[in-house]
**Q** 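Please find one structure pasted underneath; my questions will follow.
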Amino acid sequence: MASGEAIAAYRALIRATRRTFAGDTLMLTESKKEIRRRFEENRGVTAEAELRELLDQAKEASHFIQHMIVQAKRSPSGSFEVKPEKEHSGATLEVPSEEILSKTRQ
């Protein structure tokens, strides 16, 4: 039972990152690596309570990625444009730090 749920949670996370980070090769690659690493790290977990907690965390992460993250895109003028969709209603805007912005300019 938990194996099927784990696969479903893994796939949901991958789908969420594909949609949220579409067109951002770096974020797609790194998020997929991190998801895989986390699932591999917990492959041997057999305790039902711990499995339930891990599955709940994966579902929460998938929801967060889909509903709370909006990918900003650089406009031709050099500024960033954010276009939230209806599933982002109620979310708050977090402005990226200057350090993060300087990395994207390189």
Side-chain angles (χ1 to χ4, degrees):
M1 176 182 101
S3 176
E5 287 182 82
I7 291 169
Y10 179 84
R11 289 180 179 160
L13 279 163
I14 295 296
R15 278 192 303 273
T17 58
R18 280 187 187 147
R19 179 163 185 213
T20 301
F21 303 125
D24 187 338
T25 306
L26 177 64
M27 283 303 295
L28 285 168
T29 302
E30 294 302 316
S31 61
K32 187 174 181 179
K33 282 185 207 176
E34 181 64 13
I35 292 166
R36 178 70 177 199
R37 185 186 71 74
R38 294 284 181 114
F39 274 77
E40 287 294 335
E41 186 178 274
N42 293 293
R43 181 183 285 274
V45 173
T46 57
E48 188 64 33
E50 194 174 352
L51 282 171
R52 181 64 33 218
E53 176 66 25
L54 290 167
L55 289 170
D56 289 346
Q57 288 174 11
K59 289 175 188 173
E60 184 179 320
S62 180
H63 182 270
F64 183 86
I65 291 166
Q66 287 178 314
H67 299 281
M68 302 301 285
I69 297 175
V70 178
Q71 190 75 355
K73 297 194 183 343
R74 189 182 297 271
S75 70
S77 68
S79 63
F80 287 90
E81 294 178 351
V82 177
K83 295 181 181 175
E85 297 180 17
K86 66 180 180 179
E87 66 266 10
H88 298 109
S89 64
T92 58
L93 175 64
E94 182 178 321
V95 179
S97 69
E98 190 58 40
E99 177 184 349
I100 292 170
L101 292 174
S102 67
K103 288 179 183 178
T104 63
R105 293 178 189 139
Q106 299 173 354

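These values consider heavy atoms only, across backbone and side chains, with no hydrogens, waters or symmetry-generated copies. As the structure is a prediction and not an experimental result, all values here were calculated from the model.
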**Q** According to ring-ring contact (aromatic ring centres under 6.0 Å, His included), does anything in residues 17-39 pair up with another residue at least two apart or in another chain? List the pairs.
**A**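 Only Y10-F39 qualify under ring-ring contact (aromatic ring centres under 6.0 Å, His included).
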**Q** What pairs with F64 under side-chain contact (heavy atoms from CB on, under 4.5 Å), at least two apart in sequence or on another chain?
**A**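 By the side-chain contact (heavy atoms from CB on, under 4.5 Å) rule, F64 matches M68, I69.
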**Q** Report the residues that fulfil side chain to side chain donor-acceptor pair (under 3.5 Å) with D24, sequence neighbours left out, ordered by chain and then residue number.
**A**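 So D24 forms a side chain to side chain donor-acceptor pair (under 3.5 Å) with Q71.
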**Q** Which residues satisfy the side chain to side chain donor-acceptor pair (under 3.5 Å) test with R15, sequence neighbours excluded?
**A**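 So R15 forms no side chain to side chain donor-acceptor pair (under 3.5 Å) with any residue.
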**Q** Could you work out, with side-chain contact (heavy atoms from CB on, under 4.5 Å) as the rule, every residue matching S62, not counting sequence neighbours?
**A**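 For S62 the side-chain contact (heavy atoms from CB on, under 4.5 Å) partners, ignoring immediate neighbours, are A12, L13, A16, Q66.
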**Q** Could you check whether any side-chain heavy atom of T29 comes within less than 4.5 Å of a side-chain heavy atom of K33, counting everything from C-beta outward?
**A** yes
**Q** Which residues pass the salt bridge (charged side-chain N to carboxylate O under 4.0 Å, His left out) test with R18, sequence neighbours left out?
**A**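 R18 satisfies salt bridge (charged side-chain N to carboxylate O under 4.0 Å, His left out) with no residue once adjacent residues are dropped.
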**Q** Are Q57 and E53 close enough that some pair of their side-chain heavy atoms sits under 4.5 Å apart?
**A**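 SC-SC contact between Q57 and E53 confirmed.
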**Q** So, taking the atom named CD in E30 and the one named CD1 in I35, what distance separates them when rounded to the nearest 0.5 Å?
**A**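 So the gap between those two atoms works out to 11.5 Å.
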**Q** With sequence neighbours left out, write down each residue that passes side-chain contact (heavy atoms from CB on, under 4.5 Å) with E41, or none if nothing qualifies.
**A** R37, R38
**Q** Using a 3.5 Å distance criterion without hydrogens, assess whether the side chain of T17 forms a donor-acceptor pair with backbone atoms of I14.
**A**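 At least one qualifying donor-acceptor pair exists.
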**Q** To the nearest 0.5 Å, tell me how far E5 CD sits from L54 CG.
**A**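 These two atoms lie 12.0 Å from each other.
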**Q** Please list, chain by chain and in numerical order, all residues satisfying side-chain contact (heavy atoms from CB on, under 4.5 Å) with T46, sequence neighbours excluded.
**A**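 Here no residue qualifies.
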**Q** With sequence neighbours left out, write down each residue that passes side chain to side chain donor-acceptor pair (under 3.5 Å) with T25, or none if nothing qualifies.
**A** none
**Q** Find the distance between OG1 (T20) and CE (M27) and round it off to the nearest 0.5 Å.
**A**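 Atom-to-atom, T20:OG1 and M27:CE are 9.5 Å apart.
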